[in-house]
Amino acid sequence: MTVELDPSDAEAELSRRRSSYSGSGGGDCVEVTLAPGTVHVRDPKAQAGELLAFPRKQWAAFTAYAAEITVR
């Protein structure tokens, strides 16, 4: 499940962190913010775009799965 949030409401309260896998050339990357109970994700190139929120358990399952298939 994802929830679309209004970026203007959430931005002021959240401190974003860019993925360590993001290159310095401005290519594909995401910014992630850990908040109580949720993880917020956005594309920093589209700052006026959608801000997605995932429950922490779902985000943990996704990142564990992504790490697993990356190792293969």
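If you read the sequence from its start, that first residue is 1, and numbering goes on from there. Hydrogens, waters and symmetry mates are skipped; everything else that's a heavy atom, side chains included, is used.
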Item to check | Closest contact, heavy atoms only, V39 versus V32 | outcome: CG1-CG1, 3.5 Å
Checklist entry - Looking at L34 and R56, what are the two nearest heavy atoms and their distance? => result CB-NH2, 3.3 Å
Next on the checklist: So R42 and T33, do their side chains get closer than 4.5 Å, heavy atoms only?
Outcome noted: no
